[in-house]
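In what follows, chains carry the letters A, B, and so on, assigned in the order in which the sequence lines appear, proteins first and then strands, with residues in each chain numbered from 1.
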Number of protein chains: 2
Amino acid sequence: MQAGLSKSILADVRELDLFAEMEDANFGALMRGAYIQNFPPQIELITEGETSDFLHIVLSGSVNLFASWNGRETSMTTLQPVSTFILAATIRDAPYLMSARTLEKSRVALVPSQDVRAVFGTDAAFARAIVTDLAQAYRSVVKNTKNLKLRTSLERLANYLLRQSRQHGASETFELSTDKRRLASYLGMTPENLSRVRWPPFSGQCCGAAKLAC
Amino acid sequence: MQAGLSKSILADVRELDLFAEMEDANFGALMRGAYIQNFPPQIELITEGETSDFLHIVLSGSVNLFASWNGRETSMTTLQPVSTFILAATIRDAPYLMSARTLEKSRVALVPSQDVRAVFGTDAAFARAIVTDLAQAYRSVVKNTKNLKLRTSLERLANYLLRQSRQHGASETFELSTDKRRLASYLGMTPENLSRVRWPPFSGQCCGAAKLAC
DNA sequence: CGCCCCTCTTGATATTTGTCAAGACGCCAC
DNA sequence: GTGGCGTCTTGACAAATATCAAGAGGGGCG
């Protein structure tokens, strides 16, 4: 653990849309209060239901957001560097709705929530950036809900693969960025079910499949 | 249809958290560009995929947001007056992710999106209010996703009823605010399935059920 | 190598959920 | 009243998905 952030990391963070336009003095204030922590894999960083003391920023490695209830657990999303998470909880000073754990050895910056809220109140550019960020996040979750409610698990998988393929330059083959267990959970199905998928003869509708969640 | 909004309506709108703190001049500018329209029941106000030209405000009646894909349709949420909708699409100048239709005879105010974006850029208080609104909206959708992924349809229904009951002052009986067809769609199940629900002997876990989505 | 551990797969089966068709019920107009 | 219409319910069945149990395969390590 160390107080303050090194120059190269500061530059990476500042380049995030969320921080790019805010005033230097305010960015400096946020970062002075922040600290960095290195975590081994599979460490629970935050726990659903607790109050949000820090805005988190993944600097390296990767972090999975998940939720659980009544003995069941589901993967919500996976974060790659450099990105922030639980911004909404921080802004509203509300309990976390999701838990987070590292997937690999990861470096995470922690910015005290009250600092974020304070700067949010005084720096208009920062407030605007937060709006853009939250609007984007909101739209992502809505797409996800539509995905869950309107598609079968097979269709969700197909859509996921199509999007991944496109992200990898529309190549015929590519590597999954996650193990199948977590992928299944993310898609709202069991690993067994995922493993069993065999592509039936495609209906003409298939190509339209990608439209919903892209 | 009429240009400008009457005083009593203006007051209602101004009381919304979204507009309460912004500068008078900016609020006035927004409202001067707005107009009101009265719609009969079952009219489609906006259609998924189109560009968001207006921020909408339900003034009376009620509006259902829904999404469709591949012949299937699902109810996402229902709006009661006075509330705004599709703020995120307006802010991001992005296509609607959901369609909207009136459920009853409804009065809706339409505020040009470009006005909203313009004022958002200059009025810090408005920007902050939008943040709060979006953060809230984001958290609602996350709760909804958790609900869908972690609970069975029976559990979702139970949770819905518990929440409704609490909203009605924890009374033993209350009236559903929607027909069962739309409720089923909202909960991600078929009407037949909803109709078939018979409460099994409660497990000890039941009371915890309300926690997730409240 | 041989062993253990982990992930993934497969099979058998149960549960949940959706589909289709028919009927019950209330409501309203005539 | 009577007939139509819409919503809701019910039954029989089919499809989708989950669960449980077992086994295949790969990689690290002594």
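Atom-to-atom, CD of A/E73 to C1' of D/dA18 comes out at 17 Å; the value is rounded to the nearest Å. Between the CG atom of A/N193 and the P atom of C/dT16 there is a distance of 16 Å, rounded to whole Å. For the pair B/L183 CG and D/dT9 P, the interatomic distance rounds to 11 Å; values are reported in whole Å. In this entry the distance linking NZ of B/K180 with P of D/dT9 reads 3 Å, nearest Å. Computed from coordinates, the B/L176 CG to D/dT7 P distance equals 15 Å when rounded to whole Å. The interatomic distance linking B/Q42 (CD) with D/dG6 (C1') rounds to 13 Å, in whole Å. The distance from atom CZ of B/R182 to atom P of D/dT7 is 10 Å, rounded to the nearest whole Å.
If you check C/dT19, D/dC8, C/dC8 against the side chain of B/T190, the one that comes closest is C/dT19. Among D/dT17, C/dC8, C/dT17, the nucleotide with an atom closest to any side-chain atom of A/D179 is C/dC8.
Between B/K143 and A/E48 there is no salt bridge, since no side-chain nitrogen of the basic residue lies less than 4.0 Å from a carboxylate oxygen of the acidic one. Under the 4.0 Å criterion applied to side-chain N and carboxylate O atoms, A/R72 and B/E155 are assigned as salt-bridge partners. Salt bridge status for B/E192 with B/K180: absent, with no side-chain N to carboxylate O gap under 4.0 Å.
For B/E192 against D/dC8, a side-chain-to-base donor-acceptor contact under 3.5 Å is absent.
Annotation for A/S177 and A/Y160: closest pair OG-OH, 4.1 Å, computed over non-hydrogen atoms.
OP1 or OP2 of D/dT17 has at least one side-chain nitrogen or oxygen of A/S153 nearer than 4.0 Å. One finds no side-chain N or O of B/R198 lying less than 4.0 angstrom from the OP1 or OP2 phosphate oxygen of D/dT9.
B/R196 comes within contact range of at least one nucleobase, with a heavy-atom separation under 4.0 Å.
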